[in-house]
Visitor: 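Structure provided below as structure tokens; questions to follow.
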Amino acid sequence: MYKYNDFDAAFLAERNAQFRAQVERRIDGSLTEDEFKPLRLMNGLYLQLHAYMLRVAVPYGTMNPTQMRQFAHVADKWDKGYGHLTTRQNIQFNWPKLRDVPDMLDSLGEVGIHAIQTSGNTIRNTTADHFAGAAADEIEDPRPYAELIRQWSTDHPEFQFLGRKFKIAITGSETDRAVTKAHDVGLRMVRRDGEAGFEVMVGGGLGRTPMIGKVLRDFLPREDLLPYLEAVLSVYNVLGRRDNKYKARIKITVHENGIDTYREMTEKAFALRKAEFDGTDQKLLAEIKEHFAAPAFRHGATDRFDSTYDADPVFRAWVDTNLSAHHRDDHAVVTISVKNHGQTPGDITSEQMRVVADLAEEFGYSELRLSHEQNVILPHIHKNDLPAIHARLRAADLATANVGLISDIIACPGMDYCALATARSIPVAQEIATRFDDLKLEHEVGDLKIKISGCINACGHHHVGHIGILGLDRAGVENYQITLGGDGSENAAIGTRTGPGFSYDEIVPAVERIIKAYLEVRDSAEERFIDTYGRVGMEPFKAALYPDAAKKVA
């Protein structure tokens, strides 16, 4: 992974010192909250419902054990002993005191971590496939390109004050594990005539007006990445709405002007921008790629793994759900679920951080990933080490075998933390997880993506959940709308609303009725929920959700 050089370290130290002075001025009253707000947002500091929240960037989700241990240290010294993993592969600390934030940032800076551009109307943390560099289906590791984007976009003078926040996602595989089509710009690596390049999508996004991105370029040579991104953003800066923040995202710009107009303007801007690039970016990319060389993989038999898999049903269940194919047959990609039944999705304690850091250091070539699905990844694990890893995870309450199942829920913080939320998300996720654990149904149900947002801003990605839940305020009462058929994969789709919403007490029973309807109408145990929905449509689920309405029609 990329390691900061002297320039990076000096830049970050100067930036943190600047923010320390701003915090001191806020505390002594020299700055009002209105004056301080844009300054703190530039450094990842929010004011939530009960306290400040510091959002820290984990670029493209990649980190090392030293950094994870530093997160644990920060959580223990300045927070409440835990961190929250987010859908942008970041980590949030929910309870810092304002006076402590500069010390937190300095502490994180010591290990090459910062909070720059985790907020504000700028280019946010670029996210990537959390299996990057390990996936069996990968064309090329996309993380060097993500790092190139990070360096290019950090404090880029032209793009610091965009009309709205701007999010980029990148994947090196045909299988889309980065939800690229729901981003302002999505980059998916493809091959043409033996050459790797990017399919470029633009205008995706969720929130109050969810849209799937449109293809702007079906093939972009890798060496043209930065000038093309500059062209895309420069057109957005010109055309984007600034009179209404709800219409300021690039998805609205593309929708109002049309993809053909946007493409024509981008190609013209690209011709000009490309002429300004002299190859320095490619030299930098070559240097960056050296940081992402594959580890010296261990060779050897997998007999210990094979025998444990045959003899231990608990281990076997964990392997079957939490492991993914690695590009080496004797290795596996391990997803560590941070979704134990009944716990807050994405919350990880400082002690658990240290456990996964130790495992990565001992067994995983010192690599860790955070996924946008709020879990932790060990990307390179020799299969013979898996029994020992599983035992250590069980002792740390991190061995839940539920990745991709009902209880592996994405949920935003909701009204328990967020000042923007209109309903609770966390308790709904907890109750769904415990309900289906009690019913012992989730393994029978199989692959299912449930995503929950506590307001229309859709931080829980509910629009692209197979089952999406949106919490709203209806005359002071929490009301939960359900959507079905959303998909965040390469077959991206926005879910369709089922009908009237449900109260807090009704929402978990409503989800249960959906699941029971699915089990009744699916073709076989192998037919996933999303595939069944695509085959039979909405009607069987509406009938299950609204039985009284179905009786009236009959």
Side-chain angles (χ1 to χ4, degrees), residues 33 37 41 45-53 55 84-88 90 92 94-95 118-121 124 164-165 167 179 182 205-211 244-249 251-252 343-347 372-374 409-433 435 449-484 486 488 494-511 514 545-546:
E33 171 54 29
K37 181 178 179 179
L41 289 178
L45 187 63
Y46 286 76
L47 186 57
Q48 294 215 122
L49 194 60
H50 306 293
Y52 283 101
M53 177 271 283
R55 180 183 294 154
H84 179 73
L85 309 182
T86 82
T87 54
R88 287 216 68 70
N90 295 323
Q92 294 180 179
N94 288 321
W95 303 98
T118 58
S119 181
N121 293 338
R124 299 288 185 88
R164 285 287 274 131
K165 57 189 175 183
K167 298 178 179 180
V179 204
L206 304 179
R208 66 180 59 236
T209 313
M211 294 185 183
N244 184 334
K245 71 176 184 177
Y246 301 118
K247 296 184 178 182
R249 295 291 294 270
K251 61 187 177 183
I252 304 298
Q343 294 185 357
T344 301
D347 277 7
H372 80 273
E373 295 182 317
Q374 298 174 294
I409 296 171
I410 288 180
C412 75
M415 209 161 58
D416 289 297
Y417 293 95
C418 182
L420 300 176
T422 51
R424 290 168 291 173
S425 297
I426 292 170
V428 175
Q430 291 170 317
E431 290 182 30
I432 291 173
R435 177 62 177 152
K449 305 287 188 182
I450 297 181
K451 306 179 192 294
I452 304 173
S453 299
C455 81
I456 203 166
N457 289 307
C459 294
H461 293 189
H462 68 276
H463 292 297
V464 292
H466 298 166
I467 299 175
I469 301 172
L470 168 62
L472 297 170
D473 181 305
R474 290 284 186 260
V477 177
E478 290 168 300
N479 182 273
Y480 294 87
Q481 293 179 357
I482 294 177
T483 55
L484 299 179
I494 301 298
T496 301
R497 184 179 167 188
T498 60
F502 298 86
S503 70
Y504 179 85
D505 292 336
E506 295 171 330
I507 185 60
V508 176
V511 172
I514 292 172
L545 280 173
Y546 309 105

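Heavy atoms only: backbone and side chains are in, while hydrogens, waters and symmetry mates are out.
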Visitor: Taking the side chain as every heavy atom from C-beta outward, state whether Q430 and I409 have any atom pair closer than 4.5 Å.
Guide: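 No, every pair of side-chain atoms sits at 4.5 Å or beyond.
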Visitor: Could you tell me whether the side chain of M415 reaches within less than 4.5 Å of the side chain of S425, counting heavy atoms only?
Guide: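 No, too far: nothing below the 4.5 Å cut-off.
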Visitor: Any side-chain heavy-atom pair from H84 and Q374 closer than 4.5 angstrom?
Guide: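 Yes, side chains in contact.
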Visitor: Quick one: list whatever passes ring pair (Phe, Tyr, Trp, His ring centres under 6.0 Å) with F502, sequence neighbours left out.
Guide: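 If we apply the ring pair (Phe, Tyr, Trp, His ring centres under 6.0 Å) test to F502, skipping adjacent residues, the hits are Y546.
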Visitor: Distance check, rounded to the nearest 0.5 Å: T87 atom OG1 versus H372 atom NE2?
Guide: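 Result: 8.0 Å between the selected atoms.
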Visitor: Only one of K247, K251, K245 clears side-chain contact (heavy atoms from CB on, under 4.5 Å) with R249; which?
Guide: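 For R249, the side-chain contact (heavy atoms from CB on, under 4.5 Å) check succeeds only for K251.
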Visitor: For a 4.5 angstrom cut-off between non-hydrogen side-chain atoms, does L484 reach I467?
Guide: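 Yes; the side chains approach each other to less than 4.5 Å.
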Visitor: Identify the two heavy atoms, one from M53 and one from N94, that lie closest to each other, and give their separation to 0.1 Å.
Guide: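 That closest heavy-atom pairing would be CG-OD1, 3.5 Å.
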Visitor: Taking the side chain from T422 and the backbone from G471, do they hold a donor-acceptor pair closer than 3.5 Å?
Guide: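 The answer is yes, because a donor-acceptor pair under 3.5 Å joins these two groups.
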Visitor: Report yes if some heavy atom in the side chain of I432 is under 4.5 Å from a heavy atom in the side chain of I452; otherwise report no.
Guide: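 Answer yes - side chains close enough.
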Visitor: Any chance you could measure N121, atom CG, to R124, atom CZ, to the nearest 0.5 Å?
Guide: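 It comes to 7.5 Å.
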Visitor: Return yes if some donor-acceptor pair links the side-chain N/O of H463 with the main-chain N/O of G468 below 3.5 Å, else return no.
Guide: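 No; judged by distance alone, with no hydrogens or angles, the pair does not exist.
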Visitor: Can you confirm whether more than 12 heavy atoms, excluding those of R88, are under 6.0 Å from its CZ atom?
Guide: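 Yes - once you tally the heavy atoms of other residues, nucleotides and ligands closer than 6.0 Å, there are more than 12.
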Visitor: How long is the span from the CG atom in L470 to the CG atom in N457, to the nearest 0.5 Å?
Guide: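 The CG atom of L470 sits 10.0 Å away from the CG atom of N457.
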Visitor: What pair of heavy atoms forms the shortest contact from H461 to K451, and how long is it?
Guide: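 It is O-CD, 3.1 Å.
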Visitor: With rounding to the nearest 0.5 angstrom, report the CD1 to OG1 distance, I482 to T496.
Guide: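 Reported to 0.5 Å precision, the distance equals 13.0 Å.
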Visitor: Could you check if a side-chain atom of L472 sits within less than 4.5 angstrom of a side-chain atom of Y480, using non-hydrogen atoms only?
Guide: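 Side chain of L472 against side chain of Y480, heavy atoms only: no contact under 4.5 Å found.
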Visitor: Go through the steps for I426 and Y417 under the test side chain to side chain contact (heavy atoms under 4.5 Å, CB included), then give the verdict.
Guide: CA-CA 10 Å; I426 292 170; Y417 293 95; 3.8 Å; yes
Visitor: Restricting to non-hydrogen atoms, name the atom on S453 and the atom on A458 that form the minimum distance, rounded to 0.1 Å.
Guide: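 Heavy-atom minimum between the residues: OG-CA, 3.3 Å.
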Visitor: Go through the steps to decide whether H462 and Q481 satisfy the test side chain to side chain contact (heavy atoms under 4.5 Å, CB included), and finish with yes or no.
Guide: CA-CA 10 Å; H462 68 276; Q481 293 179 357; over 6 Å; no
Visitor: Taking C-beta and beyond as the side chain, do I494 and L206 meet within less than 4.5 Å on heavy atoms?
Guide: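 The answer is yes, as the side chains (C-beta and beyond) meet within the 4.5 Å cut-off.
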Visitor: Heavy atoms only: give me the nearest Y46-T118 pair and the separation to one decimal.
Guide: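 Closest pair (atom of Y46, atom of T118, distance): OH-O, 3.7 Å.
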Visitor: Which distance, rounded to the nearest 0.5 Å, do you find between the CD1 of I450 and the CD1 of I469?
Guide: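 Rounded to the nearest 0.5 Å, the CD1-CD1 separation comes out at 6.0 Å.
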Visitor: May I ask you to test the V511-V428 pair for a side-chain heavy-atom distance under 4.5 Å?
Guide: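 No - every pair of side-chain heavy atoms lies 4.5 Å or more apart.
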Visitor: Just how far is it from atom CD of E478 to atom CD1 of I507, taken to the nearest 0.5 Å?
Guide: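 Atom-to-atom, E478:CD and I507:CD1 are 11.0 Å apart.
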Visitor: Which atom pair, heavy atoms only, marks the closest approach of A429 to P345?
Guide: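 That closest heavy-atom pairing would be CB-CG, 3.8 Å.
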